[in-house]
Amino acid sequence: MRFAPNPNGPPTIGSARGIIINGEYVKMYKGKYIIRFDDTDPKTKRPMLEAYDWYLEDIEWLGYKPDEVIYASKRIPKYYEYARKLVEMGKAYVCFCEREKFKEIKAAGLECEHRNAAIEDNVENWEKMLEGKFREGEAVLRIKTDMKHPDPAIRDWVAFRIIYTSHPLVGDAYFVYPTLDFESAIEDKLCGTTHILRGKDLMDSEKKQRYIYEYFGWEYPVTKHWGRVKIYEFGKLSTSGLKRDIQAGKFEGWDDPRVPTVRALRRRGFDPEAIRKFFISLGLGENEVAVSMNNLYAENRKIIDPKANRYFFMWEPVEIKIEGLPEEKRVELPLNPNREDKRVLKGESRVLITREDFEKFRGEMIRLKGFCNIKLDKVAEFIEFEIGNVKKGKIIHWLPASEVKKCKIIGEVNMDGFCEANVVRDLGNVVQFERFAFCRIEKMVDDYVKAIYTHP
RNA sequence: GCUCCGGUGGUGUAGCCCGGUCAAACAUACGGGCCUUUCGAGCCCGCGCCCCGGGUUCAAAUCCCGGCCGGAGCACCA
C-alpha cells in the first residue's frame, strides 16, 4: 500500500483520510506502507521544502510508521529508462504539436503527424529532449493509447514535459519531468504496490496507466476510489486555496487553529485516535460526503473527557460582593469528576461571575459551585455554605476576584476573559472550561494564559 | 456535451456481491428526561431512512430494465 502526496503544503484533513485508510489496511493485512512524494512538478504544483518533513511528522503523529519513504524527484533517471523502453517499443513518441493544436486533433479523434514517426527518430528526439535541445513547451513525450478512445482524456496522454524551473528538492538536476500518471505507474510497479486506495479524482489515471502496464505485461494493482470529503465547517478542502488565504493574511499560518490541516488539529488538542476513528467511520464510499466536524468532536470528546481537568473560565465577567460572608473558605473542587484529586479556589467575598448568569439570576438564590449559596445582586447576600435546597440549574461557576489569570482564547471561538490560576499546571494539555468548552492551554504569554479553542 | 462512478433516517456509515433471519443496525445531530454541584459535559429515553417506476420471484434495500438526482474526470496539475 502507499500514500502518495504532493508536498505542496502540509497534510490537510483530506490527506489524513488517505494516510489513515491506507495505514489501517496495512495494519489489518500486515502489509508494507510506502510514503511516496509525488513531487514531479516544480512549477504548477510546486512542492514546499518544509512540507516533506511535515508529512512525515504528521503521519507519525497519526500513528503510522512508513516502511519506506520515496521521493519521486530523486528517482527521475529510473523513469527515463522506462520511457526509453516504451519509445523503443514504439509505444511512446515525441510530439511537437502545440498544446491547442493537439487538443483539436485529439478531439477529432485523429492522429497527429508525430505519432507515426519512425522509432529511430523518436529515440533520437527523446535523447535530444533529455539533452536540452528543446524549449519548454516545444516537445512532450506521449504514450500511445487509442485516438478513438471514447474518453478524449485518455487519448495519447503526456508522460514527460519540459520544465526549466528549479526544483525545491533536487534543484536544476532535471528539466524533463514525468507527469503524475507516468511516474506513479512506474513507481507502483517498482515498489510492488498491490492495492491502491485513493480519491475519486484519480479514477481516470488508472485508465491511462493500464496502457503502460499492458505494454510491459505487468499486472495492475487492485484499486478503490473514495469520494471527496466536504467538511461542513470548512467547505471543500484545497491546499492551494488555503495557501492563498494564508498569504493574504487571513490566517496566521499553516497551524492557525481555524485551518483544516493536521497540524492545526494537533495544536487544538485533538487526539490522533479520534481522527483515526473519525475517518475509519467515514469508510470508503464513492459518493461525495459532507460531514460535520461534530462527528470528529464527538470522537475526540470520548477520549479527552475522562482525562481533561476542569477549570473555571469567565467570559464577560461581572464582579459582585458577598455581604455577610462569615469567613474565607478554602474551596476544593475535583479536577475531574472521575478522580479524587482536587484543585483549590479561595472563597472570598469579592467574586467574578459571567454577565450572562448575573442578568439571568439577579435577585434569585443561586449557588457558587463548591462555595456557598447567595442571593445574587451587585452586592449579594450570603445565605449558607451548605448546598441546601438550591434548585438544579442554579449552580454557577465563579472566580475569586483576587486570584485570577487573564486568559485569551483563540480559534473557532475568540474570547478574552479570566481563568483560575490553577490552569498553569496543565500547560500544553486540553482542559475543560466548565460550562464553556474544551480548550488546550498552549502557553503563558507575559501575564496571560493563551488557550486554543478545541471544541464544545 | 463526452467518459466513468454513486443514490439507506437531518448528517455519516453497516447491510447489497451470496434475495428471506431487515416492518432495517450504529454513530452524530435534534427533542425530552436524569445528575446533593458543569442547564455547552455525562447518563437515559425518543424522533427519524431503503430516490422513483416497472420487471423477475412464494419472497427484493438486496437481482434486471428504464427514469430522475448527485459526484468525479475530460491539463505539458497532483
Side-chain angles (χ1 to χ4, degrees), chain A residues 4-8 37-41 43-47 72 95 97-99 102-103 106-107 136-142 149-155 157-163 176-181 183-184 198-208 225-230 232 239-240 277-299 301-302 304-306 308 310-312 333-334 336-338 357 360 367-371 373 386-397 413 432-438 455-456:
Chain A
N6 175 19
N8 60 342
F37 290 107
D38 282 344
D39 54 350
T40 56
D41 185 348
K43 205 171 163 188
T44 322
K45 289 260 170 110
R46 176 162 245 271
C95 177
C97 290
E98 277 173 34
R99 195 191 301 223
F102 188 84
K103 221 173 183 173
K106 181 172 79 170
E136 193 164 318
E138 191 179 347
V140 294
L141 187 78
R142 290 187 182 279
H149 189 104
D151 183 351
I154 310 301
R155 298 173 191 166
W157 53 276
V158 172
F160 285 87
R161 74 290 207 206
I162 300 168
I163 303 172
V176 176
Y177 286 94
T179 54
L180 168 86
D181 292 317
E183 173 267 322
S184 179
R198 61 186 168 197
K200 215 174 156 183
D201 46 328
L202 264 4
M203 209 141 59
D204 288 345
S205 212
E206 175 174 348
K207 288 185 216 146
K208 294 183 187 174
H225 296 96
W226 60 72
R228 205 171 167 142
V229 221
K230 196 162 88 185
Y232 184 76
T239 308
S240 27
K277 286 200 168 137
F278 172 72
F279 277 112
I280 292 167
S281 83
L282 267 190
L284 276 76
E286 286 194 31
N287 244 349
E288 160 147 334
V289 292
V291 257
S292 162
M293 284 290 279
N294 277 322
N295 295 276
L296 219 198
Y297 295 166
E299 291 294 356
R301 211 144 39 212
K302 280 180 205 149
I304 244 78
D305 185 65
R310 314 292 144 122
Y311 294 105
F312 291 156
L333 285 164
N336 184 296
N338 306 318
D357 285 331
K360 190 170 167 194
R367 179 166 184 80
L368 300 176
K369 188 176 176 182
F371 181 19
N373 297 347
E386 289 66 42
I387 185 148
N389 62 341
V390 179
K391 288 177 216 87
K392 59 177 179 169
K394 298 217 170 158
I395 298 161
I396 67 168
H397 61 132
V413 170
Q432 187 190 94
F433 280 135
E434 292 191 30
R435 301 217 288 153
F436 182 66
F438 288 95
H455 56 69

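In what follows, chains carry the letters A, B, and so on, assigned in the order in which the sequence lines appear, proteins first and then strands, with residues in each chain numbered from 1.
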Does [N] have a Watson-Crick or wobble partner in any strand here, with both distances under 3.5 angstrom, and which is it?
N      : value
C43(B) : G33(B)
U21(B) : none
U3(B)  : A72(B)
G12(B) : C26(B)

Roughly how many Å apart are [M] and [N], using the [atom1] atom of each and rounding to a whole number?
N      : M      : atom1 : answer
A25(B) : A61(B) : C1'   : 13 Å
C39(B) : C34(B) : P     : 12 Å
A41(B) : G33(B) : P     : 15 Å
U28(B) : C43(B) : P     : 9 Å

Between T40(A) and T179(A) the two heavy atoms that sit nearest each other are OG1-C, 4.3 Å
Considering residues at least two apart in sequence or located in another chain, which fulfil the salt bridge (Lys or Arg N to Asp or Glu O under 4.0 Å) criterion with K45(A)?
none
Could you tell me the separation between the CD atom of E434(A) and the C1' atom of U37(B), rounded to a whole number of Å?
9 Å
What protein N or O atoms touch nucleotides 76-78 of chain B N or O atoms at under 3.5 angstrom, if any, and at what distances?
from: C76(B); atom 1: N3; to: G137(A); atom 2: O; distance (Å): 3.4
from: C76(B); atom 1: N4; to: G137(A); atom 2: O; distance (Å): 2.9
from: C77(B); atom 1: OP1; to: R161(A); atom 2: NE; distance (Å): 3.3
from: C77(B); atom 1: OP2; to: R161(A); atom 2: NE; distance (Å): 2.2
from: C77(B); atom 1: OP2; to: R161(A); atom 2: NH2; distance (Å): 2.5
from: C77(B); atom 1: O3'; to: D41(A); atom 2: OD2; distance (Å): 3.2
from: C77(B); atom 1: O3'; to: R161(A); atom 2: NH2; distance (Å): 2.9
from: C77(B); atom 1: O2'; to: D41(A); atom 2: OD2; distance (Å): 3.4
from: C77(B); atom 1: O2; to: K45(A); atom 2: NZ; distance (Å): 2.3
from: A78(B); atom 1: OP1; to: T40(A); atom 2: OG1; distance (Å): 3.4
from: A78(B); atom 1: OP1; to: R161(A); atom 2: NH2; distance (Å): 2.6
from: A78(B); atom 1: OP2; to: L180(A); atom 2: N; distance (Å): 3.0
from: A78(B); atom 1: O3'; to: D38(A); atom 2: O; distance (Å): 2.7

Going by an N to O cut-off under 4.0 Å, is there a salt bridge joining K360(A) and D357(A)?
no
Are the side chains of E434(A) and K369(A) in touch, meaning some heavy atoms are under 4.5 Å apart?
yes
Using a cut-off of less than 4.0 Å, is there contact between a side-chain N or O of K302(A) and OP1 or OP2 of U28(B)?
yes
